[in-house]
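This report concerns only the one structure given below.
So you know, we letter chains A, B, ... as the sequences are listed, proteins then strands, and number each from 1. For clarity, every value in this text was computed on a predicted model and none was experimentally measured. What you see below is based on every heavy atom in this structure, not just the backbone, and it leaves out hydrogens, waters and symmetry mates.
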There are 2 protein chains.
Amino acid sequence: MATKTEIRRQELRDKLILIAERTIAHDGLSALRARDLAKDAGCAVGAIYNVFGDLTDLALAVNARTFHRLGADVAEALADAPEDPVEQLIVMAQAYHAFAAGNHLSWRALFDIERAPGEAAPDWYLQEMGQLFTYISDPLAVIFPGRDAEELALLTRALFSSVHGIVLLGLDEASAGVSTEYIDRMIALVLRQFAASP
Amino acid sequence: MATKTEIRRQELRDKLILIAERTIAHDGLSALRARDLAKDAGCAVGAIYNVFGDLTDLALAVNARTFHRLGADVAEALADAPEDPVEQLIVMAQAYHAFAAGNHLSWRALFDIERAPGEAAPDWYLQEMGQLFTYISDPLAVIFPGRDAEELALLTRALFSSVHGIVLLGLDEASAGVSTEYIDRMIALVLRQFAASP
DNA sequence: TCATTTCAATGAACGCAGTTCAATGATAGG
DNA sequence: CCTATCATTGAACTGCGTTCATTGAAATGA
């Protein structure tokens, strides 16, 4: 049964995630502080630890939502993309870039939580990642019909990592607002060049 | 004149950098603690702040040395590389990977110090980065003789970022020791494919 | 050489984090 | 309605980077 306590727990959980989401988006992961969180949520600091193991667990809950939004953005871009598989790759990669640029601090938080060495990635992470990889490998299979599954998987990972690297280093020095255009050009350059000779 | 005080200052500086280098290499940037440092160096905690503005300055001094070692490794690999420009790119990228894998925590520290938004990157960073970019753009100019300077610069940045991304995400899940081989294969795949149609 | 000034070295103390836990208060079951 | 249970509380604990009044050594000039 759903006891009164359980309901309050769930409500506090949701409220904390919402506040943490706002905090991370505005001021970054490092601005997530237990006392501020408690004040904003109208609860005691200890209450946070009844609902989350620690602040990292809360941040991971936020990351799960962020990753989900990211996946949705990429999926939407793919749905509106032309049929040409190379253009599909470019559109998705630029959607990835647009999300990272428009949600910079939230996106950074996705990678700024280091899990202990040897610890497996969370399930939702693998899930969403697998979805993204499918979006990529489908057009790749059209572009490179001769390659076997293992090579396609390697290509998929490699391309995702490449786009991620371009966006990561590009946004790092995006103090001037100039670089957004350059990042999109780099993405298109790499992907077009990459797919030019099947 | 070199006063006794200045000599002691310099000696302490060097000793602290050495200890910090060891600490970061063994246990990562987050293991750099003022009190441990002082104990290991045989000085008071306050003495650290006579020589470095704060612990970040010390970590940056370590990073400068790490980046220099990285540049030297890549340069050495390039010196031993065959004449074919594509192979040169691959050899350098794999040397980058080898350095990152063999100096994982030190290499991570290069990117884990976030500078304040709007703040320019340190001079030594731009210097070494420019050197690396030259190593890349030279073979690229041979592979793509038709492209103009701006496009070559963009290609250079894009390729560096791509390799960086492949190594970064690859090493992240290198809990199992399997992935080293996969990372090298992804690098070769991307670079060969990229350079296949000039 | 010695007196005096100057400035480096010290480490206890400060502020600010995350996290804990004994005391308190509300809730669920009889 | 009573009572056992368990959630909630916030002061206290720990550990961190950093500071600063005090101490002591080094440089300076007579």
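- Residues that satisfy the side chain to side chain donor-acceptor pair (under 3.5 Å) test with D184(B), not counting sequence neighbours, are H97(B).
- Across all non-hydrogen atoms, the minimal contact from L12(B) to C43(B) is CD1-SG, 4.1 Å.
- Note: CD1 (I48(B)) to C1' (dC16(D)) measures 13 Å, nearest angstrom.
- In this structure D40(B) satisfies the salt bridge (Lys or Arg N to Asp or Glu O under 4.0 Å) test with no other residue, sequence neighbours excluded.
- By the side chain to side chain donor-acceptor pair (under 3.5 Å) test, E128(B) pairs with H68(B), sequence neighbours left out.
- Distance from the side chain of N50(B) is smallest to dA9(C) among dA9(C), dT9(D), dG11(C).
- The side chain of V45(A) lies closest to dA11(D), out of dT19(D), dT10(C), dA11(D).
- Judged as a salt bridge (Lys or Arg N to Asp or Glu O under 4.0 Å), and not counting sequence neighbours, the contacts of D112(A) are R108(A).
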Pull out every protein N or O sitting under 3.5 Å from an N or O of nucleotides 15-17 of chain C, one pair per line with the distance.
none

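- The distance from atom CZ of R9(B) to atom P of dT10(C) is 13 Å, rounded to the nearest whole Å.
- Between I7(A) atom CD1 and dC6(D) atom P there is a gap of 18 Å when expressed in whole angstrom units.
- Residue pairs that meet the side chain to side chain donor-acceptor pair (under 3.5 Å) test with at least one member in residues 20-35 of chain B, sequence neighbours left out, are E21(B)-R65(B), R33(B)-D36(B).
- Remark: C1' of dG17(D) and CZ of F52(B) are 16 Å apart, rounded to the nearest angstrom.
- To the nearest angstrom, C1' of dT18(D) lies 5 Å from OH of Y49(B).
- Between Q10(B) atom CD and dA8(C) atom P the separation is 15 Å, expressed in whole Å.
- Side chain of D54(A), nearest nucleotide from dG10(D), dT19(C), dT10(C): dT19(C).
- In this structure, the NZ atom of K15(B) is 12 Å from the P atom of dA9(C), given to the nearest Å.
- For F144(A) and F194(A), the gap between ring centers is short of 6.0 Å.
- Rounded to a whole Å, the NZ atom of K39(B) is 12 Å from the P atom of dG11(C).
- Residues in residues 80-90 of chain A take part in these side chain to side chain donor-acceptor pair (under 3.5 Å) pairs, two or more places apart or across chains: E87(A)-R192(A).
- Of the candidate nucleotides dT18(D), dA9(C), dA26(C), dA26(C) has the atom nearest to the side chain of R8(A).
- Contacts with DNA chain C (heavy atom under 4.0 Å) in residues 18-30 of chain B: none are found.
- Residues satisfying the side chain to side chain donor-acceptor pair (under 3.5 Å) criterion with D14(A), sequence neighbours excluded, are Q10(A).
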